[in-house]
Amino acid sequence: MKKMIYLDNAATTKTAPEVVEAMIPYFTENYGNPSSIYEIAGRSKAAVTKARESIARVLGAKTEEIYFTAGGSEADNWALKAAFDAYSSKGKHIITTKIEHHAILHTCEYLESKGAEITYLDVDENGVVKLDELEKAIRPDTILISVMFANNEIGTIQPIKEIGLIAREHDILFHTDAVQAFGQVPINVDEYHIDMLSSSAHKINGPKGIGFLYIRKGVKIRSFVHGGGQERKRRAGTENVPGIVGYGVAAEMAAATMEERTKKECELRDYLIGRILNEIPYCRLNGDPVKRLPNNVNISFQFIEGESLLIMLDMEGIAASSGSACTSGSLDPSHVLLAIGLPHEIAHGSLRMTLSAETTKEDIDFTVETIKKIVGRLRSMSPLYEDFMKKQEK
Ligand SMILES: *Cc1c(COP(=O)(O)O)cnc(C)c1O
């Protein structure tokens with residue numbers, strides 16, 4: 001098999017072998033239902049508790065504040081819908097941003113149909129929320145602020161501590177979608193004044209289909225799935241024991257390796273960005289150059305269709321992602337790239353590459369050379385580029 005260079009770690013990651021190994025016994029000999037009372041059930045129950053403790057430790061949270069869900073999307077849905085439900089007697093106004101993941105934006109649209117009023121904050125040209133605009137958006141009936149910790153497309157990290165402080169000063173709940181940030185940047189829920197936080201295992205080398213919502217003690221949140229008494233009666237259903245075990249190990253590993261891993265990733269990231277910007281004309285970096293996820297690179301190439309670039313990269317064994325909403329089968333440019341002010345045609349020519357701990361300098365060099373070749377070829381076929389070059393010559 002041809003070597004694959006996987007640069008789409010924001011979409012999902014490889015499950016770490018240590019994680020798989022830790023999970024296997026909970027499919028095989030330790031298959032008991034944690035709610036039962038005999039011995040093998042006790043083993044499942046103990047494993048779930050241990051994973052919950054591991055995750056709580058990484059966040060500086062209490063064990064009983066971690067509620068397992070079926071992933072990041074469910075955690076986002078739960079946070080918003082249940083907060084709206086529980087606090088609607090105080091008000092119906094929610095503040096979020098234009099660059100959230102669709103799990104937040106589409107939930108907001110749903111809540112609007114139920115009478116919620118939502119303010120979608122603009123961001124600056126690097127994708128950072130403007131704190132003065134956030135303060136101005138606050139109303140007496142604001143019940144919730146939901147701002148993502150780090151953006152999945154352009155990697156921008158928000159001033160979460162400052163946002164948390166503003167929310168706290170106004171006595172408003174603060175939720176953050178930390179799916180891209182958990183395990184990548186240090187997070188402490190007390191220091192950052194976070195009341196609710198969403199996360200997902202498969203973004204940090206854990207298994208797919210398992211996530212959690214952190215809910216600060218004292219926050220009035222109703223149950224999301226009704227049924228049995230699991231997750232402190234707030235999210236019913238027999239626990240995904242192998243998934244939870246895997247998540248616990250993935251979280252521990254991510255925390256233990258964070259410093260060293262992200263230092264290396266930042267170096268490779270900046271090397272990749274530097275080479276592309278220096279060696280390929282007419283391209284730009286999207287997102288904040290400094291307040292940025294250690295593994296995220298997002299570049300727009302003028303006169304290029306992102307989709308064509310992706311397909312040609314795939315033929316060379318490089319897996320990356322583009323800036324259009326290809327999941328929905330549409331070619332609409334990404335809402336995030338539009339929110340940072342890119343014109344449609346530039347947004348269309350965007351490429352996201354997200355590194356992992358396994359990415360090497362050789363991978364990056366091969367990727368840059370390949371992109372140079374493909375961009376050259378695509379531009380040589382582009383009438384727009386031809387026109388542009390003619391004008392340059394005059
Ligand atoms: C991946 C992602 C989600 C969704 O998580 P799932 O576990 O895939 O449902 C939500 N928010 C952000 C920022 C993400 O990157």
Worksheet item: Are side-chain N/O atoms of S73 and D76 paired as donor and acceptor at under 3.5 Å?
Response: no
Worksheet item: Can you name the nearest heavy-atom pair linking T96 to C108, along with the distance?
Response: CG2-SG, 3.9 Å
Worksheet item: With a cut-off of 6.0 Å (strictly less than), are more than 12 heavy atoms of other residues, nucleotides or ligands near CZ of F388?
Response: yes
Worksheet item: Crowded around K81 NZ? As in, over 12 foreign heavy atoms under 6.0 Å?
Response: yes
Discussion item. With a 6.0 Å cut-off (strictly less than), is the heavy-atom count around CD of E260, excluding the residue itself, greater than 12?
Written reply: no
Worksheet entry | Check: K92 and E117 side chains under 4.5 Å, non-hydrogen atoms | no
Worksheet item: Do the charged groups of E191 and K161 touch, with an N to O distance under 4.0 Å?
Response: yes
Discussion item. Please find the pair of heavy atoms, one from S44 and one from P34, that lie closest to each other, and give the distance.
Written reply: CB-CG, 4.0 Å
Practice prompt. Answer yes or no: is there an ion pair linking K390 with E386, defined by an N-O contact shorter than 4.0 Å?
Written response: yes
Worksheet item: How far apart are the C-alpha atoms of F68 and N240, what are their side-chain angles, what is the distance that settles it, and do they pass the side-chain contact (heavy atoms from CB on, under 4.5 Å) test?
Response: CA-CA 9 Å; F68 288 111; N240 174 357; over 6 Å; no
Worksheet item: Between the side chains of T262 and E265, is a donor N or O closer than 3.5 angstrom to an acceptor N or O?
Response: no
Discussion item. Assess whether a salt bridge exists between E369 and R275, defined as any Lys/Arg side-chain N lying under 4.0 Å from an Asp/Glu carboxylate O.
Written reply: yes
Worksheet entry | Polar side chain donor-acceptor pair, K14 to S356, under 3.5 angstrom | no
Discussion item. Distance alone, cut at 3.5 Å: any donor-acceptor contact between the side chains of T370 and E316?
Written reply: no
Worksheet entry | Crowding at CG, D132 (>12 non-hydrogen neighbours, <6.0 Å) | yes
Worksheet item: Any side-chain donor-acceptor pair under 3.5 Å between Y271 and D365?
Response: yes
Practice prompt. Give the minimum heavy-atom separation between V128 and D288, together with the two atoms involved.
Written response: CG2-OD2, 3.9 Å
Worksheet entry | Those residues that, when tested against F212, pass ring pair (Phe, Tyr, Trp, His ring centres under 6.0 Å) (two or more places apart) | F182, Y247
Item to complete: Apply the test side-chain hydrogen bond (donor to acceptor under 3.5 Å, both in side chains) to residues S322 and E307: give CA-CA distance (whole Å), side-chain angles for both, the deciding distance (0.1 Å), then the verdict.
Response: CA-CA 7 Å; S322 82; E307 300 298 308; 2.9 Å; yes
Worksheet item: What class does the angle between the rings of H335 and H102 fall in, given that below 30° is parallel, 30 to 60° is tilted and above 60° is perpendicular?
Response: tilted
Worksheet item: Rounded to the nearest 0.5 Å, how far apart are CD1 of I187 and OG1 of T176?
Response: 7.5 Å
Worksheet item: Does atom NE2 of H170 have more than 12 heavy-atom neighbours from other groups under 6.0 Å away?
Response: yes
Worksheet item: How many angstroms lie between atom CG of L59 and atom CD1 of I66, to the nearest 0.5 angstrom?
Response: 5.0 Å
Worksheet item: Taking R52 as the fixed residue, which of E231, K62, E64 is the one that meets the side-chain contact (heavy atoms from CB on, under 4.5 Å) rule?
Response: E231
Fill in: With F174, the side-chain contact (heavy atoms from CB on, under 4.5 Å) member among L165, V189, D195, L197
D195
Discussion item. Counting only heavy atoms from other residues, nucleotides and ligands, does the tally under 6.0 Å from NZ of K291 exceed 12?
Written reply: no
Worksheet item: Quick check: are there more than 12 heavy atoms from other residues, nucleotides or ligands sitting under 6.0 Å from NZ of K208?
Response: yes
Worksheet item: In terms of heavy-atom contacts, does CD of E29 have more than 12 from other residues, nucleotides or ligands at under 6.0 Å?
Response: yes
Discussion item. Do R234 and Y67 pair up side chain to side chain, a donor and an acceptor below 3.5 Å, judged on atom types alone?
Written reply: yes
